[in-house]
Amino acid sequence: MRDRITGAKALMRALQAEGVKTIFGYPGGAIMPVYDALFDYTRGEKKCFDHILVRHEQGATHAAEGYARVSGQVGVALVTSGPGVTNCLTGIADAMMDSTPIVVIAGQVPIGALGTDAFQEVDLVGVSQPISKWSYQIRHAEDVSWAVSRAFYIARTGRPGPVVLDFAKNAQTEEIDYNPQKVNFIRSYVPYPKLEAEAVKKAAELINTAKKPLALVGQGVELGNAQSELRAFLEKADIPAGRTMLGLSALPSDHPLNAGMLGMHGNYAVNLKEQECDVLIAIGMRFSDRVTGNLKTYAKQAKIIHLDIDRSEIDKNVKTDVAIVADCKESLPALTSLINKADHKEWRDSFKPLDEKEREKVIEPAIHPKEGPLLMGEVVNAVAEQAPDDAILVTDVGQNQLFATRYFKYLHKRSICTSGGLGTMGYGMPAAIGATFAAPQRTVCCFMGDGGFQMCIEELGTIMEQKCPVKMILMNNHYLGNVRQWQDMFWMRRKSFTKMMNPDYEQIAKGYGISYQAVTEREKLVAAIRDMLTTDGPYILECAILEEDNVLPMTPPGMDVDKMMLEV
């Protein structure tokens with residue numbers, strides 16, 4: 001007996017075959033046949049998906065990103081054509097920059113109407129190709145199973161990233177004899193390069209002769225699930241390690257070889273030591289300009305070893321002496337087997353005076369101020385001290401992100417969701433929603449500034465409906481704080497349109513039925529955080545922050561990485 005079904009129902013089966021459990025979406029005309037098929041798959045005996053109705057399509061993509069970051073699985077967004085999918089472009093670009101595996105499935109007008117400027121028609125493949133790993137238009141129902149399997153294979157393998165499927169409406173309604181397909185090979189696509197033994201040998205030789213080795217750990221370690229392999233490598237070679245913002249939870253905060261966060265607002269010692277080390281080992285990171293500062297002067301004294309799965313990253317920004325192009329899950333153990341057991345205590349101890357200088361001049365004043373309004377650093381530190389060990393940090397973008405990533409604590413893998421490469425304001429709230437579905441047993445703490453909070457404020461509706469237990473810490477300084485800091489430091493204090501008039505957040509929280517508390521006094525902060533963390537369901541904790549609170553240390557843009565400012 002033939003199994004004849006519509007293309008929309010074929011999509012349901014294909015998603016089921018890929019192990020999809022959660023879909024973030026928003027319906028519309030061009031995707032309506034899919035939503036009709038979805039009806040049966042989200043209730044009753046047939047139920048296999050949870051569909052989360054977001055309030056804006058950008059929220060769907062960021063929620064899918066948060067889900068992917070925390071779960072390690074592919075996030076899924078389902079939207080309609082035209083403005084529905086163009087609203088997703090920011091999230092798609094964000095996922096591409098940060099190597100986040102998501103699949104965005106969008107409705108499209110029937111193929112007979114393509115090119116006629118039909119209602120809500122947009123050339124999705126054309127606009128999304130530059131910001132996705134693969135973009136494909138499903139024109140016929142018979143292609144659904146193959147296209148979906150290929151999409152998930154591309155999204156999750158190699159260096160992960162976003163894939164876009166443009167689903168023509170006629171393909172959704174056509175009937176076919178369903179034939180499940182599984183794609184696990186693409187001739188022109190090599191997601192896992194073959195490990196070159198000679199490159200590993202050369203890297204080991206450099207490490208074995210190093211007196212001042214330094215590792216730079218990126219998100220590639222998390223994406224490759226190589227956290228234990230990283231520790232084994234670092235511990236055998238006794239190498240201090242700095243971590244990029246996206247790689248912060250690849251190595252626990254309390255690990256003795258953790259040297260802190262890299263970058264413009266990273267930790268003082270590790271940034272200065274990049275200019276002193278004799279061998280620099282970059283692992284699953286891309287030498288972002290926010291890490292390197294001035295490339296003309298960056299680590300010129302060091303031999304550079306670069307481990308990355310993506311060959312295009314090699315020599316893109318920093319010239320390497322040895323490149324190991326492979327999955328770090330494979331390359332790290334191979335390298336560890338060839339390196340000598342080492343002791344670099346004198347080198348590691350040289351970090352301590354610099355760490356103490358930063359603690360005295362920056363950290364202690366930021367987390368334990370004696371007077372004045374609340375500071376962002378002390379709020380983050382106070383939350384981190386009370387949050388469970390496996391808490392997940394989600395941030396928006398701006399000063400809230402920089403303070404939160406500096407002062408939160410990372411004791412478990414996959415504990416950070418933040419927009420790194422694209423720097424997307426509005427990312428925080430929907431990404432936190434996705435994180436709660438990826439790890440419902442973990443506490444999700446989402447730090448936002450008043451600017452980013454309002455960029456996707458409509459997702460409070462999703463939080464309300466789903467009862468997502470997001471602990472939202474709104475650090476309100478009535479400014480677009482990061483831009484204001486740059487205006488003060490580099491633009492003669494000309495605060496051009498960075499001051500914000502804000503709404504009554506208590507009334508907004510009340511309207512959505514979300515627990516709320518405001519803190520203006522330091523003495524009440526700890527108790528307010530305790531209330532937030534012990535209250536079931538979502539919570540907004542608004543903290544009144546010093547308007548001119550600045551993130552320090554800071555390497556001014558374009559300057560040498562070791563020219564860090566400890567004070568303004």
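Since this is a predicted model, take the numbers as computed values, not measurements. Only heavy atoms go into these numbers, but all of them, side chains included; no hydrogens, no water, no symmetry mates.
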Q) What are the two closest non-hydrogen atoms of Phe152 and Val76, and how far apart are they? A) CZ-CG2, 3.7 Å
Q) Got a salt bridge between Arg159 and Glu313, using NZ or NE/NH1/NH2 to carboxylate O under 4.0 Å? A) yes
Q) Can you find a pair of side-chain heavy atoms, one from Asn477 and one from Leu546, that are under 4.5 Å apart? A) no
Q. Can Glu385 and Lys409 be counted as an ion pair, charged N to O under 4.0 angstrom?
A. no
(Q) Would you say NZ of Lys499 has more than 12 non-hydrogen atoms from neighbouring residues, nucleotides or ligands within 6.0 angstrom? (A) yes
Q | Closest approach of Met12 to Ala37 (non-hydrogen atoms, all atoms of both residues) | A | CG-CB, 4.0 Å
Q) Only one of Phe39, Tyr35, Tyr41 clears ring-ring contact (aromatic ring centres under 6.0 Å, His included) with His51; which? A) Tyr35
Q. Regarding Arg442 and Ser415, is there a side-chain donor-to-acceptor distance under 3.5 Å anywhere?
A. yes
Q. Salt bridge or not for Glu222 and Arg243, using N-O below 4.0 Å?
A. no
Q: Using a strict 4.0 Å threshold on nitrogen-to-oxygen distance, state whether Glu547 and Lys495 make a salt bridge.
A: no
Q. Side chains of Ser419 and Asp94: do they bring a donor and an acceptor to under 3.5 Å?
A. yes
Q: Kindly say whether the aromatic ring centers of Phe403 and Phe447 come within a distance under 6.0 Å.
A: no
Q.
Please give me the minimum heavy-atom distance between Ala30 and Thr80, naming the atom from each residue.
A. N-OG1, 3.2 Å
Q: Count the heavy atoms of every other residue, nucleotide or ligand shown that sit under 6.0 Å from CG of Asp117, and state whether that count exceeds 12.
A: no
Q) Checking Asn400 side chain against Asp396 main chain: does a donor-acceptor pair fall under 3.5 Å? A) yes
Q.
Do Gln399 and Asn550 make a side-chain contact, defined as non-hydrogen atoms from C-beta onward lying under 4.5 Å apart?
A. yes
Q) Between Tyr136 and Trp134, how do the two ring planes meet: parallel, tilted or perpendicular, split at 30° and 60°? A) parallel
Q) Cationic tip of Arg69 within the cone over Tyr67's six-membered ring, i.e. under 6.0 Å and within 45° of the normal? A) no
